[in-house]
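Accompanying notes for the structure given below.
Every value quoted in this text rests on a predicted model; they were computed, and no experiment measured them. Positions are given from 1, in the same order as the sequence printed here.
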Amino acid sequence: MEVDTQLVHLGRPALGPVNTPVYRASTILFETLEEFERSAAHHRHELTYGRYGTPTTFHLEQAIAELEGGFAAAVLPSGLAAIAASLQALLRPGDHLLMPRSVYKPARRLASDFLAARGVEAGFYPPDCGADISGWLRPSTRVVYIESPGSLTFEMQDIPAIARVCRARGVVTVADNTWATPLSFRPLAHGVDVSLQAATKYLVGHSDAMMGTIAATEAIWPLIAGTIAQLGLCIGPDDAFLGARGMRTLGLRMERHARNGLQLAQWLTGQPQVARVCYPPLPTDPGHAIWRRDYRGASGLMGVFLTPNAVARRAAALRELVEGLQLFRMGGSWGGFESLVFPVVPDGTEAQGTYLRLHVGLEDPRDLIADLAAGLQRYERALGADAEGRT
Ligand SMILES: *Cc1c(COP(=O)(O)O)cnc(C)c1O
């Protein structure tokens, strides 16, 4: 089946209602002692106890496993919980973990704080290293973590090259594939062992639930499943239902996010106040060649550096810009139907000028451009007010 057909038909009941109902359950009752004793083994996707899931979660997990091309998949309470559970499953005291320098900041903190306190040493490699990852591996390296494109600065990674080197050396690869979703890129098909999504973003797609997903190869799966069970991680049935609801329209939404995203990125590139747009689908982006080679689509998330300006008025001008936006509302997360602006300075780019992360939603791009155009004019005016004030 092609992916658009999968999105419609995966994870649905064979009979009866179109959608899997919301099963609310902690206790599951058994008729016979034999069934009760069998339940103690917690066979995957058998109803035994609420913490191990119900058909609402089982169907969603089966759908995600197929979309990812994995042996199996699990749904977790957040994207960060999916990252944490995978790394806890794979790493032991004394192990070495490598992460790209552009990694999602809470994942970096997990590595340098929580995991470090439990005997795991973390190193950070340049995201553009490709096959040169071999130079960063140590005998104790157990996991190479990948995130492409990187958070905030959107560096593309040569995932096939990294996965090839790691597999040959017996190092496990884990990829955060949230930006692409399995519709644009399937890490497991490119030699990666574990594929993660912050499903909070595009899978749920409506900014109303938190969720993470883990899909893995058959060799790795038992470690992941065992850790999730031992840590007691599970999600509520309403959230699972929302994940399945979001999945049905994921293909349509991604197509529009990508189309709007490219249009906005191209428009931004031509604005005098804009120094650089970080968005791999742009032909001028340093990661464009890898994106074109490996990805079948894109999303609506990008970074924008404004032209460097005197630091004195920059904060005030940024405030004028973002507080006056009508459609790009200010807030964390992304991947919902709505446009968002997230004005944080990526680590190490403080000298590069004002930064905005934009999530381009499903609105009409003409309205989005008008909103940003007015914002850039407010920004320029606020900076100019300073020049006049000083003369
Ligand atoms: C948001 C995000 C996460 C974490 O997801 P939550 O559901 O918010 O915990 C992980 N990775 C990336 C790339 C993200 O953008």
Value for CD (E363) from CG (L368), rounded to nearest 0.5 Å, stands at 4.5 Å
Rounded at 0.5 Å granularity, tell me how far OG in S102 sits from CG in D347. 11.0 Å
Report the residues that fulfil ring pair (Phe, Tyr, Trp, His ring centres under 6.0 Å) with F305, sequence neighbours left out, ordered by chain and then residue number. Y355
For [X] and [Y], which I'm curious about, is there any donor-acceptor pair between the side chains at under 3.5 Å?
X    : Y    : result
E46  : T48  : no
Q197 : E68  : yes
Q266 : Y279 : no
H59  : T20  : yes
T57  : E61  : no
T141 : H96  : yes

Looking at D371 and Q326, would you say the former's side chain and the latter's main chain have a donor-acceptor pair under 3.5 Å? yes
Are any side-chain N or O atoms of E147 and backbone N or O atoms of S151, one a donor and one an acceptor, separated by less than 3.5 Å? yes
How would you list, by chain and number, every residue that makes a salt bridge (Lys or Arg N to Asp or Glu O under 4.0 Å) with [X], sequence neighbours excluded?
X    : value
E380 : none
R259 : none
R293 : D158

Can you name the closest pair of heavy atoms from [X] and [Y] and give their distance?
X    : Y    : result
P237 : V22  : CB-CG1, 3.5 Å
W291 : G297 : NE1-O, 3.0 Å
T349 : P346 : OG1-O, 2.7 Å

Contacts satisfying side chain to side chain donor-acceptor pair (under 3.5 Å) that involve residues 83-94 (not counting sequence neighbours) are none
Under 6.0 Å between the ring centres of F185 and H190? yes
Can the ring centroids of Y202 and H359 be said to lie less than 6.0 angstrom from one another? yes
Can you list the residues that meet the side chain to side chain donor-acceptor pair (under 3.5 Å) rule with E338, with sequence neighbours excluded? S207
In terms of relative ring orientation, are F58 and H45 parallel, tilted or perpendicular, with 30° and 60° separating the classes? tilted
For T354 and Y379, run side chain to side chain donor-acceptor pair (under 3.5 Å): C-alpha distance rounded to whole Å, both residues' side-chain angles, the deciding distance at 0.1 Å, then the answer. CA-CA 10 Å; T354 304; Y379 182 75; 2.8 Å; yes
